[in-house]
Amino acid sequence: MKKTVIDLLLLKNKQLNKDNFLLKLRSPVPVSDIFPGQFVNVEIKDAQEIFLRRPFSVLDVDYQNQTISLLVKILGRGSKKLTEAQPGVQISTILPLGKSFTLPERNDRIILIGGGSGVAPMLFLAKLCGLDPENVHVLIGARSITDHIDIEEYKPFGNFYFTTEDGSLGEKGYVTNHPVFTNKLNEFTKIYTCGPDLMMKAIGRIALENKLFCEVSLENMMACGFGVCLCCVEDTKAGHKCVCTDGPVFNVNDLKW
Amino acid sequence: MKKTVIDLLLLKNKQLNKDNFLLKLRSPVPVSDIFPGQFVNVEIKDAQEIFLRRPFSVLDVDYQNQTISLLVKILGRGSKKLTEAQPGVQISTILPLGKSFTLPERNDRIILIGGGSGVAPMLFLAKLCGLDPENVHVLIGARSITDHIDIEEYKPFGNFYFTTEDGSLGEKGYVTNHPVFTNKLNEFTKIYTCGPDLMMKAIGRIALENKLFCEVSLENMMACGFGVCLCCVEDTKAGHKCVCTDGPVFNVNDLKW
Amino acid sequence: MVNLGIKIHELDFKNPIMLASGTCGFGEEISDFLDLSRLGGIVVKGTTLKHREGNAYPRMAETPSGMLNAVGLQNKGVDNFIANIYPRIKDIDTHIIVNVNGSTIEDYVALTERLNELDKIPAIELNISCPNVKEGGMAFGISCPSAEAVVKAVRKVYSKTLIVKLSPNVTSIADIAKAVESQGADSVSLINTLLGMAVNAETRKPVLSTITGGLSGPAIKPIALRMVWQVYNAVKIPVMGMGGIMNATDAIEFMIAGASTVQIGTAIFIDPTIPVQIIDGLALYMERHKMQSVSELIGSLQC
Amino acid sequence: MVNLGIKIHELDFKNPIMLASGTCGFGEEISDFLDLSRLGGIVVKGTTLKHREGNAYPRMAETPSGMLNAVGLQNKGVDNFIANIYPRIKDIDTHIIVNVNGSTIEDYVALTERLNELDKIPAIELNISCPNVKEGGMAFGISCPSAEAVVKAVRKVYSKTLIVKLSPNVTSIADIAKAVESQGADSVSLINTLLGMAVNAETRKPVLSTITGGLSGPAIKPIALRMVWQVYNAVKIPVMGMGGIMNATDAIEFMIAGASTVQIGTAIFIDPTIPVQIIDGLALYMERHKMQSVSELIGSLQC
Ligand SMILES: Cc1cc2nc3c(=O)[nH]c(=O)nc-3n(C[C@H](O)[C@H](O)[C@H](O)COP(=O)(O)OP(=O)(O)OC[C@H]3O[C@@H](n4cnc5c(N)ncnc54)[C@H](O)[C@@H]3O)c2cc1C
Ligand SMILES: Cc1cc2nc3c(=O)[nH]c(=O)nc-3n(C[C@H](O)[C@H](O)[C@H](O)COP(=O)(O)OP(=O)(O)OC[C@H]3O[C@@H](n4cnc5c(N)ncnc54)[C@H](O)[C@@H]3O)c2cc1C
Ligand SMILES: Cc1cc2nc3c(=O)[nH]c(=O)nc-3n(C[C@H](O)[C@H](O)[C@H](O)COP(=O)(O)O)c2cc1C
Ligand SMILES: Cc1cc2nc3c(=O)[nH]c(=O)nc-3n(C[C@H](O)[C@H](O)[C@H](O)COP(=O)(O)O)c2cc1C
Ligand code: FES
Ligand code: FES
């Protein structure tokens, strides 16, 4: 799909928990070729002191109904404003942006590890990867049960595991403490992760030590989102790479972790 | 009433015709001592590229119910945004600002001439002046009947006359062409006017020639509205005067017209 | 309670929040809105030796996150200030500072001498950076020799606190700051407005009667912050920072970059209660960050 | 149909709307969004003799109606440009102009000589105004002698259209413009970014890795407009205006103030289709105002 600046119609804006909202938007044109890990850059209209767009990963795409879902966590003014948008408004977006995760192959056995709003591309990938659900393991970490989002819809696509820092859901601790991660890691052929930097780094380093395939989806401060400003660089082994076009998905082997 | 920065609750936002809206706002504190000719400076929230407040004359005050009405004509981005506000929102205002018209005395016979959104303080003055309605004459000019606003509520307070440039309501032509103005002007002891500059100047000059008492309410570009920036000056016989504090109401004798 | 007090030269300010010249009248215009005695100081409207009518209308243009003004130092002159205004404001319990303007060095000196007589004016702010007057004003503030010359002459006749207000319309504001420091300035305040312009595309005329005007407001904050940091690193005298401060966070950023006090300008037009909100916000910030004194904040940038 | 064509030196531009350096990559990055051949010209990313990694992350901070950047001329060097990029973009039907950067005069000259070989690069934009590099860059653009020296040296080896990009971080941009004109510049483009800074009040650290960065976007438009007008009145060579242009009205304002062409920069980040919207808007404006040629607009300010 060609990159395009396009107004999407907000169909639904559902609060999932204190800070997280699910936005469902309809595109006037087909949304083929949007893959897990890619993102959209959203204009925040009518907000004083917001000048740039805000990037959000694609949580899901309904190719048939031409809808795109986003998981928006309130972090600052822009995300807050976006979660206040009422169904019926048009929201200007630029999409699709960035490189997607490498889709697994038929015999892969994968683990997807999401933290915070980083679960978005993980759920999308679980749904889209086309593997036998038996071979898809999704590990989700959060601070507390109240920060968890409902993943009911994605249950059929894999085996789900949870950790919370306070133990209110699943195992207590970080994702890297969960048995599926600590004990079974070498059973997986591919690791995918998206979430807080510290979490991804911990996972990435373990993957490197164990020489496992591991892709991470980075987030940083972007001005354009499509490769012209060179603001969003990650210092990789091959030098500064743009997270918006060379990423956001990187193989840990390429990073200086 | 002390000048204050205060949030008012928008109770009603009624479209009167294509460009004009009536906004009714409730104050959390008593709104005594707001008089015709005074204005409020309104914050336009959540509008990109709007930095300063926008001044609007007070159209009416309900002292008992603590409400203030404004007549807002869409001119640019700020007024447009304001007319889109939904009842229930809080609107930050600074009030009361400026000097009011000199209230007439018991034996006065007055004519109030309003053009465009300048009718607002005229209607307020008609209602508040306390004269026998027989002695209150209100002349309203507009481009066309479609630009006229409904003054039903103010009918009891005086005799109303209309002019439109296209003749679609009342006399065809400008307010200064209306018989009540051309033939009866010397019957009035006081002339008050608010409206487009050209209209007020035409009236003011005739008043000056005829040595009639005449007060006009000026509009210009304001940054603060309460006398600290010195941006809103009118070049009067006594030098630069601030429209926001020395006015907006001026006696034509003091102006260089 | 945290201690917000800060000393500039020999003056103790109860807190670092002041009102900027030209944006708060003489204080009294906004006394309905806030308790002036809560403020660290008030820099009153730019004053000249003689009465000035200022520039013709229009004097204002709104711009993205800011505004242009071309007031041109309208004021009734120092005699009127001393006779009529000073008696009304002298007992406000805060430091009243007069912003001093001239077309020639002699003007500056003569005006300063008059103000020197006033007991309750503990400091003057020498404005060598007004972009809206034809003679003097910014011309003095954009070269080191002329800035030095004014400050030198004024310093001779003034022994109270002498603040010099710098223009941002220069290649190196740090050099100008060093120049005025070398002539005995007790503090520098910055920034004055940036020279800008607005055009009406429909009429093809300038929006302002003077064609160009001074840009203020949040739009200029990044530039002001940079200049405060540069000047803080270049001089030993305390810096008063300003330019687009709208809230406590902005004020704190200026102090971190090196400002000992900050001045609130254009924000007053939007909401004249902002200065006291900033004082409260600053105190809360300091409590939250376990700071005892504002001096811990000043120039605390870690880089 | 109105004629949007405009000639700068010996070059005919199909319309006055160009893309600014550093905000449009090499054009190809945004070819999905717009038909590049509709543009008057594209000034590609700042190029240096050798590969540069640019500054460390973070390189960006959002500011009121603008942004700071501290990219620092990240690029793969001129050899890579010639070998890999030029062949891909040379046949785009618009003027491709290269933005030339150096740390020394020798760098500028060497780089210019390489670009001189390229048939389809009809002009270079000499960037003596980058605020985000330690050596060279803005240092050349903030004094008349150094600006003259670079332009003189480059002019000797370059006979095609030579545009010099000026820094706004100076006391008198008109003087710098006159200096580069005197050494044979065919056009000046302005403004580059204003030096600014952002501080994180919570961490008390600079937001940018380089502490200061370049401010762009609507916030700087009033300053840019003023500088274009000053330079237009000071030199005879055509002026290319930029700084915060977001729509056709903004572009028209710059042309009224004296710009022969305008460059669109930061606006591209918000919406890469803005440049073509501006071309259309300009044509509509000219029709509405019954203008036959853009030359009627250029410098048409009535004051
Ligand atoms: C490729 C990509 C995909 C993303 N996907 C999602 C998603 O699916 N769901 C979601 O909720 N969020 C996602 N984000 C993050 C989202 O873009 C930010 O939360 C949002 O831009 C914050 O805007 P704001 O105006 O609310 O915060 P601001 O008010 O602008 O900032 C609040 C604070 O957060 C910091 N900050 C803002 N954005 C970032 C960032 N990108 N990286 C690091 N620090 C930042 C600011 O410096 C500031 O301190 C993604 C970001 C990227 C780059
Ligand atoms: C004392 C006073 C009382 C007023 N009372 C009313 C009222 O009761 N009802 C009402 O509808 N309007 C009133 N106005 C006018 C109102 O303030 C403006 O229409 C409004 O500020 C326009 O804002 P905007 O953002 O819509 O227009 P902008 O987008 O800011 O401007 C649109 C165009 O109008 C011009 N413009 C804007 N404001 C003014 C002004 N005040 N004088 C001259 N030109 C201007 C601008 O230069 C621009 O060209 C009053 C103004 C003043 C000073
Ligand atoms: C309307 C207006 C009038 C001003 N008058 C003066 C003045 O008389 N003397 C002076 O030194 N600065 C004057 N200034 C500059 C301000 O004091 C301040 O330096 C500048 O506006 C930047 O701060 P701000 O962005 O917070 O307003 C004026 C500013 C404005 C907006
Ligand atoms: C991210 C970024 C990178 C830039 N890189 C360059 C550059 O390499 N060379 C150059 O001459 N100007 C560069 N500029 C400056 C722009 O070309 C332009 O002069 C400036 O941004 C003002 O215009 P604007 O407000 O429309 O963006 C850059 C600007 C930005 C925002
Ligand atoms: S955000 Fe502009 S290049 Fe990545
Ligand atoms: S608007 Fe500021 S003094 Fe009148």
Side-chain angles (χ1 to χ4, degrees), chain A residues 1-7 29 33 41-45 47-55 75-79 81 91-98 197 218-247 255-256, chain D residues 19-34 42 44-46 51-76 132 198 207-209 213 216-219 244 246 265-274 276-277:
Chain A
M1 184 177 183
K2 254 184 156 184
K3 287 180 210 160
T4 166
V5 184
I6 192 166
D7 280 350
V29 299
D33 310 332
N41 215 356
V42 180
E43 185 185 34
I44 314 290
K45 268 232 185 69
Q48 256 141 353
E49 306 224 345
I50 295 192
F51 177 59
L52 299 165
R53 289 173 183 262
R54 298 291 189 263
L75 184 72
R77 300 148 304 139
S79 45
K81 187 86 193 166
I91 295 185
S92 167
T93 60
I94 303 184
L95 60 80
L97 298 173
D197 239 46
L218 303 182
E219 279 187 15
N220 71 10
M221 303 295 290
M222 299 184 168
C224 70
F226 43 86
V228 297
C229 76
L230 308 187
C231 287
C232 64
V233 289
E234 171 72 17
D235 191 20
T236 72
K237 288 182 186 155
H240 282 144
K241 292 282 172 191
C242 284
V243 169
C244 73
T245 45
D246 298 311
L255 300 174
K256 287 188 169 172
Chain D
L19 307 187
S21 179
T23 62
C24 61
F26 295 100
E28 23 173 35
E29 294 87 343
I30 54 171
S31 60
D32 266 10
F33 299 110
L34 76 175
I42 302 177
V44 302
K45 177 66 201 163
H51 170 103
R52 276 182 67 94
E53 275 298 306
N55 297 318
Y57 179 87
R59 296 178 169 184
M60 195 274 284
E62 193 179 32
T63 69
S65 299
M67 62 173 277
L68 289 163
N69 89 80
V71 171
L73 296 174
Q74 172 176 330
N75 79 102
K76 294 205 166 75
N132 292 324
V207 176
L208 301 175
S209 69
S216 64
M246 296 296 287
T266 306
I268 295 170
F269 306 162
I270 311 297
D271 183 346
T273 68
I274 284 178
V276 291
Q277 291 177 34

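Bear in mind the structure is a predicted one, so any value in this text is a computation, not a measurement. Per chain, numbering begins at 1; letters A, B, ... match sequence-line order.
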**Complete:** Applying a strict 4.5 Å limit to non-hydrogen atoms, the region of A/Ile94 in contact with chain D is side chain
**Asked** Based on non-hydrogen pairs under 4.5 Å, which of A/Met222, A/Glu234, A/His240 is most in contact with chain D?
**Response** A/His240
**Prompt:** In terms of heavy-atom pairs under 4.5 Å with chain A, which of D/Gly66, D/Ala219, D/Ala56, D/Ala70 leads?
**Reply:** D/Gly66
**Asked** Measuring from D/Gln74:CD to A/Cys242:SG, what's the distance to the nearest 0.5 Å?
**Response** 6.0 Å
**Prompt:** Does D/Glu62 use its side chain to pair, donor to acceptor, with the backbone of A/Phe51 at less than 3.5 Å?
**Reply:** yes
**Prompt:** In terms of side-chain geometry, is the basic nitrogen of A/Lys3 or D/Glu29 positioned less than 4.0 Å from the acidic oxygen of its partner?
**Reply:** no
**Asked** If you look at every heavy atom in A/Arg53 and D/Ile270, which pair is closest and at what distance?
**Response** NE-O, 2.5 Å
**Message:** Rounded to the nearest 0.5 Å, what separates atom CG in A/Asn41 from atom CG in D/Asp271?
**Reply:** 11.0 Å
**Prompt:** What distance do A/Thr4 atom OG1 and D/Leu34 atom CG have between them, rounded to the nearest 0.5 Å?
**Reply:** 11.5 Å
**Request:** State, to 0.1 Å, how close D/Tyr57 and A/Val233 come at their nearest heavy-atom pair, and which atoms those are.
**Result:** CD1-O, 3.4 Å
**Prompt:** What are the two closest heavy atoms between D/Val71 and A/Cys229, and how far apart are they?
**Reply:** CG2-O, 3.2 Å
**From CG (A/Leu52) to CZ (D/Phe269), nearest 0.5 Å** = 8.5 Å
**Residue selection (most heavy-atom pairs with chain A, distance under 4.5 Å) from D/Met60, D/His51, D/Lys45** = D/Met60
**Request:** For D/Pro272 and A/Phe226, work out which heavy atoms get closest and say how close.
**Result:** CG-CZ, 3.8 Å
**Asked** Where does D/Ile268 contact chain A at under 4.5 Å (heavy atoms): side chain, backbone, both or neither?
**Response** both
**Asked** Above 12 or not: heavy atoms from other molecules or residues under 6.0 Å from NZ of D/Lys76?
**Response** no
**Request:** Answer yes or no: is there a donor N or O on one side and an acceptor on the other, between the side chain of D/Arg59 and the main chain of A/Leu230, under 3.5 Å?
**Result:** yes
